[in-house]
Amino acid sequence: MLKVRHLSKNYVSGTQIIRVLKDVSLEVKKGEFVAVMGPSGSGKTTLLNCISCFIPHEEGEILLAGQDLSGLQETKLAKVRNRQMGFVFQDFMLLDGLTVFENICLPQIIARRPVAQMEEKAKNICRLFGIEKILNQYPAEISGGEKQRTAVARALMNQPYVILADEPTGNLDSKSCKTVIDAFLQAKEEMGATIFMVTHDSFAASFCDRVIVLKDGQIYGELTRKGTRRAFMDELLDTIRTLGGDDHDYA
Ligand SMILES: Nc1ncnc2c1ncn2[C@@H]1O[C@H](COP(=O)(O)OP(=O)(O)O)[C@@H](O)[C@H]1O
Ligand SMILES: [Mg+2]
């Protein structure tokens, strides 16, 4: 579904060129839930921003359902982002002046989809995520976990090829974190969603099918979940310790 091939990205700061991503190649298959972990500054957010083409890259290809996004013009990219990608951010990015229901419907309004169909879809997703009771409330009136489930619901509305999530549980306590991960798992299981998530949290990552470890802008390794979630979490914690520092140093 998503293929990144030989991606390189530099930032220019004054006279300095900082190589942030160095020959990164990865693949996320349809229906897979994949996490990227790595120390703070290893290039996780840059990788996500390159995939969504919010920032340009120097070398490499980004293929979404076979289409190379690298050369696309901004108007075409806007369409790809609205219809083929769903976004979930650490700070929710909900519009305060809109209700939960209106926030969720926004991508469909932008894509000019029929209203009746849109409402039906939004209600089904909200039922699945257990947020049907808060549809008429405003973001300021709901909890962090509810805000992020609203954001996940919004990301799913156009049935995107992939959901891109940057630290989606970063601002949540452990109980709310689990409700958001559950929403991703339900999206995957019930709707066949493909999810690519950046996280520093071994607990959140341990629910994924696969975890890609990034270090200094390069792929350091990859772990596939085989046994129990608990065993996978221990494996992830071990890998992070080997990289240097403990779990709390990772952001
Ligand atoms: N706009 C920018 N200009 C210059 N350097 C940047 C910019 N954005 C990020 N960086 C640098 O690129 C590296 C990777 O950053 P980032 O992708 O945010 O890492 P992560 O999300 O893993 O913490 C860091 O060293 C950061 O300082
Ligand atoms: Mg980041």
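Quick note: residue numbers are just sequence positions, from 1. Atoms within each ligand, like the ligands themselves, are counted from 1 in listed order.
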Lys NZ or Arg CZ of R229 over F207 ring: under 6.0 Å, within 45°: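 Because its charged atom sits under 6.0 Å from the ring centre and within 45° of the axis, R229 does stack over F207.
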Y161 atom OH, neighbour heavy-atom count above 12 within 6.0 Å: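 Result for OH/Y161: open.
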Over 12 foreign heavy atoms within 6.0 Å of CZ, R113: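 Buried by this count: over 12 neighbours within 6.0 Å.
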Subset of ligand 1 atoms that lie under 4.0 Å from at least one heavy atom of [X]:
| X | answer |
| --- | --- |
| S40 | 23 (O) |
| P39 | 22 (O) |
| V20 | 12 (O), 13 (C), 14 (C) |

Aromatic centroids of F232 and F203 separated by under 6.0 Å: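 They do not qualify: ring centres at least 6.0 Å apart.
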Donor-acceptor under 3.5 Å (K44 side chain, G38 main chain):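 Yes: the side chain of K44 pairs with the backbone of G38.
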Contact check: T46 to the Mg ion (ligand 2), N/O/S below 2.8 Å: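 False for T46.
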Contact with ligand 1 for G38, non-hydrogen, under 4.0 angstrom: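 No; G38 lies far enough from ligand 1 that no heavy-atom distance drops under 4.0 Å.
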Test log, rule side chain to side chain donor-acceptor pair (under 3.5 Å), inputs T46 and Y11: CA-CA 10 Å; T46 303; Y11 284 119; 3.2 Å; yes
G43, any N or O under 3.5 Å of ligand 1 N or O: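 Min N/O separation from ligand 1 is below 3.5 Å for G43.
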Distance-only N or O hit between ligand 1 and G41, under 3.5 Å: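 Checking ligand 1 against G41, an N or O pair does fall under 3.5 Å apart.
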